[in-house]
Amino acid sequence: GNSVTQMEGPVTLSEEAFLTINCTYTATGYPSLFWYVQYPGEGLQLLLKATKADDKGSNKGFEATYRKETTSFHLEKGSVQVSDSAVYFCALSNSFTQGGSEKLVFGKGMKLTVNP
Amino acid sequence: EAQVTQNPRYLITVTGKKLTVTCSQNMNHEYMSWYRQDPGLGLRQIYYSMNVEVTDKGDVPEGYKVSRKEKRNFPLILESPSPNQTSLYFCASSPSGPSSYNEQFFGPGTRLTVL
């Protein structure tokens, strides 16, 4: 079936540090991949996405590249800010699902705290 | 403003007392879904709806009911809540199902405690 495995943390970084959050997936066919972010006290919001191999999603200084050969979609940011403190979720959707189930499959989320 | 709203935002109740969490979206989205978020487990889908009068089970449907009588509303019903349903609940919507690569828009969440 479809699954997502990501770093769980929690992780604490200093401002301007480099961030990598690893995400790997298992899926048949050609899933779309997403990173969602959840700021404290809020719902999830889409950070970036990629719909085919070698696509790079980017937003707010974050980037992730869809690597089919390594089934990965790692999230990176060169210089984190205090305002990036949040929980980050990797997710996939897949049109090749048994029974045609329409859903996002999420990783467990990783809490990031950035200190000044 | 385009948004997904949920009510209530916080609820403390007792075992067995029926409750409903409402969800409404103003974006004319066809697809709506309920998730629960638990520490160490991430988000798990409870139920989803592809359109009016079309609903289906997600990964953890036991103990929950839903209905989709109107396109904008997708209430979550707990007929007889139990303590293991204490969780943070999110409603989400998108123009169509996630397999078409659309972004899902999430509500602010409902924190439910069942004593």
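So that the names make sense, note that chain A is the first sequence line, chain B the second, and so on, each numbered from 1.
- Both A:Y25 and A:M7 are assigned to one and the same hydrophobic cluster, defined by single-linkage of ILVMFWY side chains at heavy-atom distances under 4.5 Å.
- In this structure, chain B has a heavy atom under 4.5 Å from the side chain of A:Q38, while its backbone stays farther away.
- By the rule that hydrophobic residues join a cluster once side-chain heavy atoms approach within less than 4.5 Å of another member, B:L88 and B:V4 end up as members of separate clusters.
- Once rounded to the nearest 0.5 Å, the distance linking CZ of A:F34 with CD of B:Q104 reads 8.0 Å.
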Side-chain polar contacts of residues 75-82 of chain A - donor-acceptor pairs under 3.5 angstrom, sequence neighbours left out - could you list them?
| from | atom 1 | to | atom 2 | distance (Å) |
| --- | --- | --- | --- | --- |
| A:K77 | NZ | A:K60 | O | 3.4 |
| A:K77 | NZ | A:D84 | OD1 | 3.2 |
| A:K77 | NZ | A:D84 | OD2 | 2.7 |
| A:Q81 | NE2 | A:S79 | O | 3.4 |

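- For CD1 of B:I77, the number of neighbouring non-hydrogen atoms (other residues, nucleotides, ligands) closer than 6.0 Å is greater than 12.
- Between A:F89 and B:Q37 the shortest heavy-atom distance is CZ-NE2, 3.2 Å.
- At most 12 non-hydrogen atoms from other residues, nucleotides or ligands lie less than 6.0 angstrom from CD of A:E16.
- Heavy atoms of B:R44 lying under 4.5 Å from chain A are absent altogether.
- Hydrophobic cluster membership of B:Y89, counting Ile, Leu, Val, Met, Phe, Trp and Tyr whose side-chain heavy atoms lie under 4.5 Å apart directly or via other members: B:L11, B:L19, B:V21, B:M32, B:W34, B:I46, B:Y47, B:V60, B:Y64, B:V66, B:F74, B:L76, B:L78, B:L112, B:V114.
- Rounding to the nearest 0.5 angstrom, the gap separating the CZ atom in A:F106 from the OH atom in B:Y35 is 5.0 Å.
- B:L43 contributes atom CG, which lies 5.5 Å from atom CG of A:L44 (distance to the nearest 0.5 angstrom).
- Here the OG-CG distance, from B:S94 to A:L46, works out to 11.5 Å after rounding to the nearest 0.5 Å.
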